[in-house]
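Following: one structure in structure tokens, then a few remarks.
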Amino acid sequence: MKNIFIVALLLIGTTTFAQNKNAKTSMEVDGVCGMCKARIEKACLNTKGVKWADWSIDTHELKLIYDERKTDTNTIQKAVLAAGHDVEDKKATDEAYAQVHACCKYRDEDIKEAHDKENEKP
């Protein structure tokens, strides 16, 4: 019985220390412009435990550094979805999407094309 108790304590201790203080991850987030970038990064940084967020307009990749003891990727995704941006295979609600600025309507093909033309290099 004593051995079982010791093994249980070791397992609990191991899982407690297994959480990473500076976990890194990336995910795809839809958006089209600098305003989207600011909104996405702000939603992440306002999530407790997120230390760094950088979203690329060109690749739509959101890179993160966060404390696994305080948050997880699911919580961060919920914050981005609430800001009105689709994350990988999850779509923001129509209500959240409706709150983004008119030039940020990334689901509208005309808006996406207009931003693509702006970003083309001569």
Side-chain angles (χ1 to χ4, degrees):
M1 188 66 166
K2 185 177 179 182
N3 289 339
I4 294 172
F5 181 71
I6 291 171
V7 170
L9 283 176
L10 287 173
L11 288 174
I12 291 171
T14 303
T15 55
T16 302
F17 291 112
Q19 292 181 327
N20 192 350
K21 210 168 131 176
N22 290 311
K24 295 178 182 178
T25 192
S26 64
M27 61 186 77
E28 184 180 339
V29 178
D30 287 334
V32 290
C33 65
M35 287 174 60
C36 294
K37 177 178 175 63
R39 186 180 311 103
I40 292 164
E41 291 174 359
K42 182 178 179 181
C44 294
L45 293 171
N46 284 340
T47 303
K48 183 178 179 179
V50 174
K51 298 177 178 185
W52 181 78
D54 182 47
W55 181 75
S56 169
I57 295 170
D58 296 329
T59 65
H60 294 193
E61 181 182 22
L62 173 63
K63 295 179 183 178
L64 298 161
I65 297 176
Y66 65 99
D67 187 338
E68 285 182 326
R69 299 171 303 173
K70 296 179 182 177
T71 193
D72 57 26
T73 55
N74 199 29
T75 303
I76 298 166
Q77 284 182 349
K78 287 179 184 176
V80 174
L81 291 167
H85 291 272
D86 298 345
V87 178
E88 294 176 346
D89 59 345
K90 299 175 186 171
K91 286 205 173 267
T93 63
D94 291 338
E95 294 81 18
Y97 179 73
Q99 297 300 312
V100 300
H101 191 270
C103 86
C104 298
K105 301 290 185 182
Y106 55 88
R107 294 179 188 165
D108 185 333
E109 289 300 319
D110 292 336
I111 299 290
K112 285 171 38 176
E113 287 177 20
H115 281 288
D116 287 342
K117 288 178 184 175
E118 281 180 16
N119 294 329
E120 283 180 3
K121 294 177 182 171

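Because the structure is predicted, anything quoted here is derived from the model rather than measured. Scope of the values below: all heavy atoms of this structure, side chains included, with no hydrogens, waters or symmetry mates.
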Between [X] (side chain) and [Y] (backbone), is there a donor-acceptor pair under 3.5 Å?
| X | Y | result |
| --- | --- | --- |
| Ser56 | Thr59 | yes |
| His85 | Lys37 | no |
| Thr71 | Asp67 | no |

### Query
Is it true that Lys112 and Asp30 have a side-chain N and a carboxylate O under 4.0 angstrom from each other?
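So Lys112 does not pair with Asp30 through a salt bridge.
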
### Query
So, do Lys78 and Thr47 sit near enough that their side-chain heavy atoms are less than 4.5 Å apart?
no

Euclidean distance, [Y] [atom2] relative to [X] [atom1], rounded to 0.5 Å:
| X | Y | atom1 | atom2 | answer |
| --- | --- | --- | --- | --- |
| Leu45 | Ile76 | CG | CD1 | 10.0 Å |
| Glu28 | Leu62 | CD | CG | 11.0 Å |
| Asn20 | Arg69 | CG | CZ | 9.0 Å |
| Asp94 | Gln99 | CG | CD | 11.5 Å |
| His101 | Arg39 | NE2 | CZ | 8.5 Å |
| Ile40 | Asp54 | CD1 | CG | 10.5 Å |

### Task
Would you mind listing the cluster partners of Ile65? Hydrophobic ones only (ILVMFWY), side-chain contacts under 4.5 Å, chaining allowed.
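Hydrophobic cluster check, Ile65: joined to Trp52.
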
### Task
Evaluate the side chain to side chain contact (heavy atoms under 4.5 Å, CB included) criterion for residues Cys44 and Tyr66: first the C-alpha distance (whole Å), next the side-chain angles of each, then the deciding distance (0.1 Å), finally the verdict.
CA-CA 10 Å; Cys44 294; Tyr66 65 99; over 6 Å; no

### Message
Between Lys70 and Lys51, does the side chain to side chain contact (heavy atoms under 4.5 Å, CB included) criterion hold? Intermediate values first, please.
### Response
CA-CA 11 Å; Lys70 296 179 182 177; Lys51 298 177 178 185; over 6 Å; no

Exercise: identify the closest heavy-atom pair between [X] and [Y]:
| X | Y | result |
| --- | --- | --- |
| His115 | Val32 | CD2-CG2, 3.4 Å |
| Trp55 | Cys36 | CZ3-CB, 4.2 Å |
| Gly84 | Ala92 | C-CB, 3.6 Å |
| Glu88 | Ser26 | OE2-O, 4.1 Å |

### Query
Are Ile57 and Met27 in one and the same hydrophobic cluster, where Ile, Leu, Val, Met, Phe, Trp and Tyr link if side-chain heavy atoms are under 4.5 Å apart?
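Hydrophobic grouping puts Ile57 with Met27.
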
### Query
Among the clusters formed by ILVMFWY side chains lying less than 4.5 Å apart, do Met35 and Tyr106 turn up in the same one?
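No, because Met35 and Tyr106 fall into different hydrophobic clusters, even though each may have its own neighbours under 4.5 Å.
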
### Task
Taking the six-membered ring of Tyr97 (Phe, Tyr or Trp), confirm whether the NZ or CZ of Lys105 is under 6.0 Å from its centre and within 45° of its axis.
yes

### side chain to side chain contact (heavy atoms under 4.5 Å, CB included) involving Lys42 - partner list, sequence neighbours excluded
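Per chain and number, Lys42 pairs via side chain to side chain contact (heavy atoms under 4.5 Å, CB included) with Asn46.
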
